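Take a look at the structure set out below.
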There are 4 protein chains.
Amino acid sequence: MVLLMRAKNSSSEQRASGRTFTESARRAQIVQAAIEVIAEAGYAKTSFAKIAKQAGLSSTGMISYHFKGKDDLMHEVIAEVMRVAQAYLVPRIEAAEGYRGRLRAFIESNVELLTVYPKYLPALIEVLTNLKGDDPHRIGYAGALKAMMDVQEQRMREAQAAGEFRDFDAQVMVTAMRGAIDGVITRSVHDPDLDITACGRELADIFDRATRRTP
Amino acid sequence: MVLLMRAKNSSSEQRASGRTFTESARRAQIVQAAIEVIAEAGYAKTSFAKIAKQAGLSSTGMISYHFKGKDDLMHEVIAEVMRVAQAYLVPRIEAAEGYRGRLRAFIESNVELLTVYPKYLPALIEVLTNLKGDDPHRIGYAGALKAMMDVQEQRMREAQAAGEFRDFDAQVMVTAMRGAIDGVITRSVHDPDLDITACGRELADIFDRATRRTP
Amino acid sequence: MVLLMRAKNSSSEQRASGRTFTESARRAQIVQAAIEVIAEAGYAKTSFAKIAKQAGLSSTGMISYHFKGKDDLMHEVIAEVMRVAQAYLVPRIEAAEGYRGRLRAFIESNVELLTVYPKYLPALIEVLTNLKGDDPHRIGYAGALKAMMDVQEQRMREAQAAGEFRDFDAQVMVTAMRGAIDGVITRSVHDPDLDITACGRELADIFDRATRRTP
Amino acid sequence: MVLLMRAKNSSSEQRASGRTFTESARRAQIVQAAIEVIAEAGYAKTSFAKIAKQAGLSSTGMISYHFKGKDDLMHEVIAEVMRVAQAYLVPRIEAAEGYRGRLRAFIESNVELLTVYPKYLPALIEVLTNLKGDDPHRIGYAGALKAMMDVQEQRMREAQAAGEFRDFDAQVMVTAMRGAIDGVITRSVHDPDLDITACGRELADIFDRATRRTP
DNA sequence: AATGAATGAGTTTTCATTCAT
DNA sequence: CATGAATGAAAACTCATTCAT
């Protein structure tokens with residue numbers, strides 16, 4: 001009995017939130033590898049085999065061991081990218097002043113993110129694009145992004161009500177802005193000469209002019 | 001365009017460019033089915049099986065018989081969409097006056113095209129984004145699109161030189177515009193409530209404001 | 001056009017009920033192989049690989065090509081065995097006279113069936129046993145057997161009402177009879193010395209005595 | 001039986017037959033879980049993963065650690081069920097009088113055992129039917145059961161010699177009886193409405209009538 | 001003694017492509 | 001020209017088992 005009791009304390013691995021330290025590390029490692037493969041090969045050509053190879057794992061079974069399935073892994077990819085993106089974007093946006101300032105900050109830090117994590121947003125775009133019509137957790141997947149876009153729509157309407165932005169269809173504006181940013185991000189993957197910072201500035205100019213009241 | 005018109009010659013086994021009439025019909029039928037499947041299911045989930053089913057064909061062998069391979073079929077999908085898009089866009093753009101007018105015409109007719117061929121541009125986007133890093137005819141594929149975008153860049157520079165457009169990075173502007181249009185197009189597939197005409201008008205407003213000289 | 005019309009008539013394969021002649025042959029061949037493997041190795045150790053090997057097929061993909069999945073194949077195994085069993089049993093049972101005679105005929109021809117198709121009923125028992133708690137088409141699977149057992153229960157109650165059988169619980173009697181027959185069938189698989197005809201006679205004696213009114 | 005009673009000796013690390021007390025406890029726990037999973041899911045769908053989950057263990061490694069392999073675990077399942085069954089059946093059978101009485105006692109206590117250990121006999125049946133053609137300890141597995149059935153055959157022949165039972169094939173009778181009992185046991189797993197005691201009585205009636213001399 | 005991460009063989013399934021008819 | 005059966009590689013996933021800690 002005593003032996004049994006002791007066992008639980010002394011042995012093996014520290015845990016936080018139901019997962020072992022090393023398991024979390026493996027999961028993270030696999031997610032990283034997945035992000036890289038997705039960004040480079042595209043979602044359609046991403047397979048467990050490629051991810052395993054990228055992660056230096058001996059078999060695809062390893063991935064199935066740590067993730068419930070392909071969907072589960074993709075979900076984690078999305079979660080990881082969103083987490084990193086949020087951590088990067090939110091303080092930068094909040095540091096900006098006024099609706100115009102925050103719009104510019106949003107666009108510029110989105111693009112800047114490419115210099116810090118060049119594969120993250122491209123991977124996110126790939127995954128979200130290809131998971132579009134997938135029934136089961138559709139809301140869960142694109143949901144977080146949808147929520148972000150809804151928030152932005154709301155902010156734009158506030159800016160319109162405050163007289164700082166002109167009168168446009170906020171939904172279309174957000175879609176256009178997202179699409180324009182994604183366009184630059186996608187282009188950045190296979191065009192290493194692209195001056196990303198300049199792109200951010202230009203994009204911000206574009207949507208500043210597109211949204212602002214008069215001048 | 002002229003080539004298109006010339007296509008149908010008459011002989012007892014009507015041929016054009018080495019293909020029988022019925023074979024061309026079959027090919028067209030398969031390409032149509034492919035466009036629909038790609039737009040609805042996404043590139044990653046498009047298979048010969050689904051395309052055959054959509055086309056009312058009993059076997060996938062039929063597709064391999066008419067196309068040299070999957071890449072060949074995709075190539076044809078791209079060519080078909082580009083042909084239709086050109087036929088729709090070019091006269092509308094050319095009918096417009098001035099750089100501003102042509103920019104607006106370009107954006108609006110791109111989006112309008114969705115009402116006539118709702119699956120065409122979505123399919124094109126799917127294919128082009130997923131064929132990115134692909135081996136053989138990569139230049140041929142994205143090349144055509146790249147050429148189109150280069151042309152637009154050139155036009156924008158002309159407009160800037162003419163003093164009609166303000167001073168911006170033409171490459172970024174084209175990328176942003178393309179991305180914004182694609183965003184709306186992609187959204188249109190699974191959002192039937194979208195007011196497409198309004199979207200076109202709004203998008204055109206956005207890039208008119210983003211490009212024009214005086215506020 | 002004429003060419004197209006002609007095509008449908010002259011070409012390829014005769015059809016009956018939506019399946020080609022050769023496809024039906026392949027399906028039958030696979031079902032046969034499945035029956036043999038199941039009877040010999042048991043359901044738990046039956047795999048597409050073994051079935052393909054038994055059927056002389058080069059790959060397991062072939063099986064998936066002809067059947068929608070493992071469940072579909074098992075469904076066909078059940079259907080095939082039931083079809084053969086019905087064809088064998090029904091005329092023999094109906095040729096018998098009186099409730100006692102038909103009961104005896106039922107049992108004896110069940111067991112006799114082993115001499116004609118030694119693997120059929122063993123395979124059926126394996127499949128039905130192991131598909132027990134399987135949600136989806138459970139009713140469809142065991143359903144046919146359940147129906148047969150219900151019919152027998154009904155017959156027994158009629159025989160009781162007619163005063164030919166004594167008063168017992170018909171459900172338990174049918175379960176016992178089915179179990180007893182299955183016991184003999186199962187034993188027959190790995191005990192080739194078993195005198196099957198004698199077993200049938202003995203089994204029939206047992207249930208004749210168990211059911212009849214006085215003696 | 002006697003061995004069972006003797007098992008718990010006392011020493012500071014209590015051992016019996018080379019095993020620590022806690023190890024025996026773990027083994028027993030795993031065997032229990034295995035019995036439940038096998039009875040509920042069927043042998044074919046029983047995996048170490050499910051057993052570990054049922055036992056509240058975090059990994060399947062635990063099972064491999066305590067058992068030499070899947071076959072070893074199954075061997076233990078059989079042994080455990082046989083031990084419990086013996087302990088339940090033997091005294092009840094021996095308390096009965098005469099061959100007829102003992103036959104009835106055998107059948108009724110077999111079925112009664114379901115009320116005390118509902119999963120034990122179902123699990124045994126699953127394992128034994130699915131281990132049929134299995135290599136290593138086949139004789140050891142089915143051997144014990146075979147021995148039991150041989151004993152019963154012998155008893156029946158004695159009863160026949162004593163003039164208490166009529167003249168039938170003892171082997172077939174035992175097979176039939178075993179099959180009939182197993183039929184009821186199997187049915188009991190997923191049919192909670194079954195009146196088990198009534199089933200036992202009816203089954204006993206059936207085989208009493210089937211075996212006894214005078215009608 | 002116990003843990004849980006790792007492994008690699010094995011399972012079903014899907015796919016594009018080929019080929020005899 | 002067209003068919004559909006066949007193929008085999010590759011996919012995702014499961015499994016029992018091993019091993020360092």
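No experiment lies behind these values; they were computed from the predicted model shown. Note: hydrogens, waters and symmetry copies are ignored here, and every other heavy atom, side chains too, is used. Just so it is clear: chains get the letters A, B, ... in the order the sequence lines come, proteins before strands, and each one is counted from 1.
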Measure the distance from NZ on Lys53(A) to C1' on dA11(F) and round it to the nearest whole Å. 16 Å

Toward the 5' end of DNA chain E, which comes first, Lys68(C) or Met62(D), by nearest nucleotide? Met62(D)

Select base, sugar-phosphate, or nothing to describe what Ser47(B) touches, counting heavy atoms under 4.0 Å on all strands. sugar-phosphate

Does Arg26(B) make a side-chain N or O approach to OP1 or OP2 of dC1(F) shorter than 4.0 Å? no

Per nearest nucleotide of DNA chain F, the residue lying toward the 5' end, Ser58(C) or Gly61(D), is Ser58(C)

Expressed as a whole number of angstroms, how long is the span from Tyr65(C):OH to dA9(F):C1'? 17 Å

Given a 3.5 Å cut-off on both pairing distances, which stems involving DNA chain F, each at least three consecutive Watson-Crick or G-U pairs, are present, if any? E:2-21 with F:2-21

side-chain contact (heavy atoms from CB on, under 4.5 Å) between His66(A) and Met62(A): does it pass, once the steps are laid out? CA-CA 6 Å; His66(A) 286 287; Met62(A) 190 77 273; 3.5 Å; yes

Could you check if a side-chain atom of Thr129(B) sits within less than 4.5 angstrom of a side-chain atom of Tyr43(B), using non-hydrogen atoms only? no

Would you please test Glu126(A) and Asn130(A) for side-chain contact (heavy atoms from CB on, under 4.5 Å) and show each step? CA-CA 6 Å; Glu126(A) 282 286 331; Asn130(A) 283 285; 3.6 Å; yes

Within the pair His66(C) and dA6(F), is there a side-chain N or O less than 4.0 Å away from OP1 or OP2? yes

Leu57(C) has an atom CG; how far is it from atom P of dA6(F), in whole Å? 8 Å

Distance check needed: dA10(F) P versus Lys50(A) NZ, whole Å only. 11 Å

Under 4.0 angstrom, heavy atoms only, what part of the nucleic acid is Ser59(C) near: base, sugar-phosphate, or nothing? base

If you define the side chain from C-beta out and look only at heavy atoms, does anything of Gln29(B) sit under 4.5 Å from Leu57(B)? yes

Measure from CE on Met74(A) to P on dA12(F) and round the result to the nearest Å. 8 Å

For Ile30(B) and dC1(F), give me the distance from atom CD1 to atom P, rounded to whole Å. 13 Å

Is the shortest heavy-atom distance from the side chain of Lys45(D) to the side chain of Val37(D) under 4.5 Å? no

What's the closest nucleotide to the side chain of Ser64(C) if the choices are dT14(E), dT12(E), dT7(F)? dT14(E)

Could you state the atom-to-atom distance from OH of Tyr43(C) to C1' of dT11(E) in whole Å? 12 Å

Between the base of dT11(E) and the side chain of Thr60(C), is there a donor and acceptor pair under 3.5 angstrom? no

Any Lys119(D) side-chain heavy atom under 4.5 Å of Gln32(D) side chain: no

Would you kindly give the CZ-to-P distance between Phe48(D) and dT3(E), to the nearest whole Å? 16 Å

Please report the C-alpha distance between Ile30(D) and Glu76(D) in whole Å, then the side-chain angles of each, then the deciding distance to 0.1 Å, and finally whether the side-chain contact (heavy atoms from CB on, under 4.5 Å) criterion is met. CA-CA 10 Å; Ile30(D) 292 168; Glu76(D) 286 300 299; over 6 Å; no

With the side chain of Thr22(C) defined as its heavy atoms from C-beta on, choose the nearest nucleotide among dA6(F), dA5(F), dA6(E). dA5(F)

